[in-house]
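Residue numbering restarts at 1 for every chain, and letters A, B, ... go by the order of the sequence lines. Values below: all heavy atoms of this structure, side chains included; hydrogens, waters and symmetry mates excluded.
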Amino acid sequence: MSDVRPRIRLPRSAKAGDVVEVKTLISHNMETGTRRDGSGNVIPRQIINRFTCEYAGKMVVDMEMHPAISANPYVEFDVKVEESADFVFTWYDDDGSVYSETQAFEVG
Amino acid sequence: MKTITKLWASAAICGAMLTGMAQADPHPDAELIIEGELHLATRAAPPEHLGGVFPEIYSGWLFRTDETRALQMDDFDNPGILFAERGLDRWNAADGAAGQSCADCHGDVESMAGVRAAMPKINENGELWALEHYVNNCRTTRMEADAWGWNSEPMKDMSSLISLQSRGMPVAVQMDGDYAPFWEQGKEMYYTRFGQLEMSCANCHEDNWGRMIRADHLSQGMSNGFPTYRLKNATIVPLHQRFRGCIRDTRGETFREGSPEFTALELYVSSRGLGLPIEGVSVRQ
Amino acid sequence: MLTRRDTMALGLGVAAVAMVPGVASASAVDDAISAFTGGAAVADGGVTINAPEIAENGNTVPIEVEAAGAVSILMLAAGNPTPGVATFNFGEGAGTSRAATRIRLGGTQDVIAIAKLADGSFARGAVEVKVTIGGCGG
């Protein structure tokens, strides 16, 4: 998929020790593998099957996804931020593609 | 018994579809405020040409559940914004034999402010064109690129992007002068019963808005939210695709997207929403 | 007496129900839970699921799950063709044991969440989501 695009929303600011909410979205059809095309052939499954978020090198959430996750997968979770560091977000596609996004975050 | 059966089978088949009519009125006081900043009116005084058929006109947003409405109140939560973001990449990318991008001629995409609000518009040859026609005209004549399919991903990306530039601007279609014959054609279609079920646009969206059909809340059929991200389709649905779905649901032969008929209908339906703002990419069920 | 045409008329509203290809069997749900718990006992309660009571469209249903102290949470949709939805594994960087996502539900059904707590015990929560099947085309 050439047009897979991740979006991330982090809070504007945080203090050391805060728990902050992170929202992520990635454009992806999440093809279930149960639909058929116009000629009656099954459309092969192609989904994002795993999503991870790390902060300051520590795992925050490691999520396994099934076809019941909606198209354009949305994931929201909370992170404890002790120091300024990088967020690394990674999505794993059934076709072997890996989409990654890194964002620096300042803790004041 | 026979009479009842007959009734079911013929004239009242519409009624059958409208059974279980529960009132599903528009939300009485919800306000559409995007990220706490941009306030979009969802109620307005009806335009005069409607002759009092509506006490007030309502955005389709007001007919949706709390969860669906919330998705449009934050651009991060609105999956339609993904399409507009991809559209911006396309805006800046050269394509076609002429090696031109949209930006080469039009500059910043902000230059498109107001364009969506005035669509459909008459072109220099006197034809009524929708936004998608203009996009494809640029592609085939100036960029020497292939036209995009009406419901194709790149067209959805581009129409979402261009529409977003008009978000908050009032619907600004013209009805008079050269527009009058197109408007009349669209109005004629709006009140024409189509399909095996013999239903017109008005049967649902004028006579029965606020009620249930097919387990769904009937809105007034306003078009200011298009293109819209539909949860059912999990993608952007352009207005002409929606028209097609409506006519197909009457079990009728539909017109095609981009046809003169649907473009005239777009003009008339848009004029029913004069007073409402463009919602750019809205979110519906 | 219902004629065939009556049935068709009635069927319009519910045709979509018949198109749902199948629902997960109870054993598929049980199997998924045992695979997650290794057969350990599961206590009721301690897991909160936030979901709309009625989802306007089953294709995109917002859902949030939280279980204080959980290291991972398995989410299942008991009425889907296959019950698996997601498993959230919370790492040491997590601020809470909470996550929200959007899921597909093929019809009205129970959404089940099983939490694995830090002490190795398991807890369960479930909520019914009514899904509107219908709507006009597009």
Check your understanding: Between atom OG1 of C:T101 and atom CE of A:M65, what is the distance when rounded to the nearest 0.5 Å?
Key -> 6.0 Å
Exercise for review: Please state whether the side chain, the backbone, both or neither of A:V60 comes within less than 4.5 Å of a heavy atom of chain C.
Suggested key: both
Review point. Any donor-acceptor pair under 3.5 Å linking the side chain of A:D62 with the backbone of C:N89?
Key: no
Check your understanding: So which residues of residues 68-77 of chain A are in contact with chain C at a heavy-atom cut-off of under 4.5 Å?
Key -> A:A68, A:I69, A:S70, A:A71, A:Y74, A:V75, A:E76, A:F77
Exercise for review: Mind ranking C:V85, C:N59, C:I103, C:L74 by heavy-atom pairs under 4.5 Å with chain A and telling me who comes out on top?
Suggested key: C:V85
Point to revise | Winner by heavy-atom pair count (cut-off under 4.5 Å) against chain C, out of A:R50, A:E82, A:H66, A:K80 | key: A:H66
Study note, to complete from the structure: Residues A:N29 and C:R104: closest non-hydrogen pair is O-NH2, 3.2 Å
Review point. Is it the case that more than 12 heavy atoms not belonging to A:R9 sit under 6.0 Å from its CZ atom?
Key: yes
Exercise for review: Considering only heavy atoms and a distance below 4.5 Å, find which of C:G84, C:P62, C:A77 pairs most often with chain A.
Suggested key: C:G84
Point to revise | Per-residue contact mode, A:E21 against chain C (heavy atom under 4.5 angstrom) | key: side chain
Review point. Heavy-atom count around A:E106 CD within 6.0 Å, excluding the residue itself: above 12?
Key: no
Study note, to complete from the structure: When rounded to the nearest 0.5 Å, the distance separating OG of C:S72 from CD of A:E64 is 10.5 Å
Review point. With respect to chain A, which residue among C:G95, C:A99, C:S97 yields the maximal number of heavy-atom pairs within a distance under 4.5 Å?
Key: C:G95
